[in-house]
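FYI, side chains are in, hydrogens and waters are out, and symmetry mates aren't considered; it's all heavy atoms of this structure. In this text the structure is predicted, and so the values were computed from the model without any measurement.
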Amino acid sequence: MNNVLIIGATSAIAEACARVWAQRGDRVFLAARGEAQLKSVADDLRTRGANFVGFKVFDATAFDQHAALLADATQAMGGLDTVLIAHGTLSDQDRAQKDVPYALKEVEINGTSVVALMTLAGEQLGQQGKGCIGVISSVAGDRGRQSNYVYGSAKALVSAFASGLRQRLHKVGVSVVTIKPGFVDTPMTAHLPKGGPLWAKPDQVARDIVGGMDKGRSIVYTPGFWRLIMLIIKHIPEFVFVKLKL
């Protein structure tokens, strides 16, 4: 039986992951900002077979609350095996390139708050010598593009930090899984035009995430074809790349 802490648990992807864990009979502790939505998700997971469901209202940018969240989840479940960090926002690039405070807040939400949580989770799981940390980054972090480089730069920070943490914790038996979704049909992307083969549903992405974390994979592109797409994009020469409309 697995004890799972999900941060950003009311996001569509995180909720879909929680359903997978609940149906397996795992214990789940949810953290997110909205109390009413947390209660709704918790009730749904109980009906799906979760062995235990707890939750806590939590703001990831309130850094002084991070340690207490990990402690509360550990106590409630009688241990902690798995942490999924899934909170974030999809930044408004047009606003971010003009509004410095907004840009920095987006980097805090999508980047530094994630780093802080990975640090604390890494220390706890490292001391116990087992466990898995999954963190949702993005394909947007693989290369800065004019359409979303504020969001992408925050995700690049997350990916680089996770790489170093993975190397450090590997020797003590803790896996760190960097999750890089592409386009996913969720409320966060509701304003974007959808359709076509590049878009995925949250349930499909959740299966990839849980499967990748079960296997302790280093990096999970989801759907998997994004690995090839980003490999091509990363290797476009800069003198060509700057002329493209991406």
Verify same cluster id: [X], [Y] (apolar side-chain graph, 4.5 Å):
X: Leu120; Y: Ile133; value: yes
X: Val184; Y: Val158; value: no
X: Leu69; Y: Leu125; value: yes
X: Leu169; Y: Leu84; value: no
X: Leu70; Y: Met77; value: yes

- Atom CD of Gln23: over 12 foreign heavy atoms under 6.0 Å: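 Above 12, so yes.
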- Query: Within a radius of less than 6.0 Å around CD of Gln97, do more than 12 heavy atoms belonging to other residues, nucleotides or ligands occur?
  - Reply: yes
For [X], which residues count as a salt bridge (charged side-chain N to carboxylate O under 4.0 Å, His left out) partner, sequence neighbours excluded?
X: Arg168; value: Glu123
X: Arg48; value: Asp44
X: Arg217; value: none
X: Asp59; value: none

Which atom pairs, one a donor and one an acceptor, fall under 3.5 Å between side chains of residues 239-246 and the rest of the protein, sequence neighbours left out?
none

- Note on the structure: Heavy atoms of Met1 and Gly25 approach each other most closely as CG-O, 3.7 Å
- Do you know which two heavy atoms are closest between Pro202 and Ala12, and how far apart they sit?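 Scanning both residues completely, I find the closest heavy atoms to be CB-O, 3.9 Å.
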Anything under 3.5 Å between a donor and an acceptor, one on a side chain of residues 26-34, the other on a protein residue two or more places apart or in another chain? List them.
from, atom 1, to, atom 2, distance (Å)
Asp26, OD1, Asn2, N, 3.1
Asp26, OD2, Arg24, NE, 3.4
Asp26, OD2, Arg24, NH2, 3.4
Arg27, NH1, Asn3, OD1, 3.0

- Query: Between His235 and Arg143, is a side-chain contact (heavy atoms from CB on, under 4.5 Å) present by the stated rule, with each step listed?
  - Reply: CA-CA 10 Å; His235 284 84; Arg143 190 167 192 177; over 6 Å; no
Show me the donor-acceptor pairs within less than 3.5 Å that the side chains of residues 109-119 make with the rest of the protein, sequence neighbours left out.
from, atom 1, to, atom 2, distance (Å)
Asn110, OD1, Thr89, N, 2.9
Asn110, ND2, Thr89, O, 3.2
Asn110, ND2, Thr89, OG1, 3.3
Asn110, ND2, Glu106, O, 3.1
Thr112, OG1, Glu108, O, 3.4
Ser113, OG, His87, NE2, 2.8
Ser113, OG, Glu108, O, 3.0
Ser113, OG, Ile109, O, 2.8
Thr119, OG1, Val115, O, 2.8

Just so I know, are the side chains of [X] and [Y] near enough to count as touching, which here means a heavy-atom distance under 4.5 Å?
X: Arg207; Y: Asp203; result: yes
X: Gln167; Y: Val176; result: no
X: Arg95; Y: Asp99; result: yes
X: Val83; Y: Leu80; result: yes
X: Arg166; Y: Ile219; result: yes

- Item | Residues that Ala14 engages under side chain to side chain contact (heavy atoms under 4.5 Å, CB included), provided they are two or more places apart |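 Per chain and number, Ala14 pairs via side chain to side chain contact (heavy atoms under 4.5 Å, CB included) with Ile6, Ser11, Ala86.
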Working to the nearest 0.5 angstrom, can you tell me the gap between [X] [atom1] and [Y] [atom2]?
X: Cys17; Y: Ile136; atom1: SG; atom2: CD1; value: 6.0 Å
X: Glu15; Y: Thr10; atom1: CD; atom2: OG1; value: 8.0 Å
X: Leu45; Y: Asp43; atom1: CG; atom2: CG; value: 9.0 Å
X: Leu5; Y: Thr82; atom1: CG; atom2: OG1; value: 9.5 Å
X: Gln93; Y: Arg145; atom1: CD; atom2: CZ; value: 10.5 Å
X: Ile13; Y: Ile179; atom1: CD1; atom2: CD1; value: 9.0 Å

- Item | Chi angles and distances behind the side-chain contact (heavy atoms from CB on, under 4.5 Å) call for Val174, His170 | CA-CA 5 Å; Val174 176; His170 174 77; over 6 Å; no
- Might you work through the side-chain contact (heavy atoms from CB on, under 4.5 Å) test for Phe183 and Val139, ending with a clear yes or no? CA-CA 9 Å; Phe183 298 126; Val139 296; over 6 Å; no
- Query: Is there a donor-acceptor pair closer than 3.5 Å between any side-chain N or O of Lys155 and the backbone N or O of Tyr151?
  - Reply: no
- Where at least one partner belongs to residues 41-61, residue pairs that pass ring-ring contact (aromatic ring centres under 6.0 Å, His included), sequence neighbours excluded: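 ring-ring contact (aromatic ring centres under 6.0 Å, His included) check on residues 41-61 returns Phe58-His66.
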- Query: Does any pair with a residue in residues 128-142 pass side-chain hydrogen bond (donor to acceptor under 3.5 Å, both in side chains), and if so which ones, sequence neighbours excluded?
  - Reply: Ser137-Ser159, Asp142-Lys180, Asp142-Tyr221
- Any chance you could lay out the side-chain contact (heavy atoms from CB on, under 4.5 Å) test for Ser218 and Val177, step after step, and finish with the verdict? CA-CA 5 Å; Ser218 297; Val177 183; over 6 Å; no
- Query: For Phe161, what residues pass the ring pair (Phe, Tyr, Trp, His ring centres under 6.0 Å) criterion, not counting sequence neighbours?
  - Reply: none
- Hydrophobic cluster mates of Val150, side-chain heavy atoms under 4.5 angstrom, ILVMFWY only, any path?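 Val107, Tyr149, which link up through side-chain heavy atoms under 4.5 Å apart, make up the rest of the cluster.
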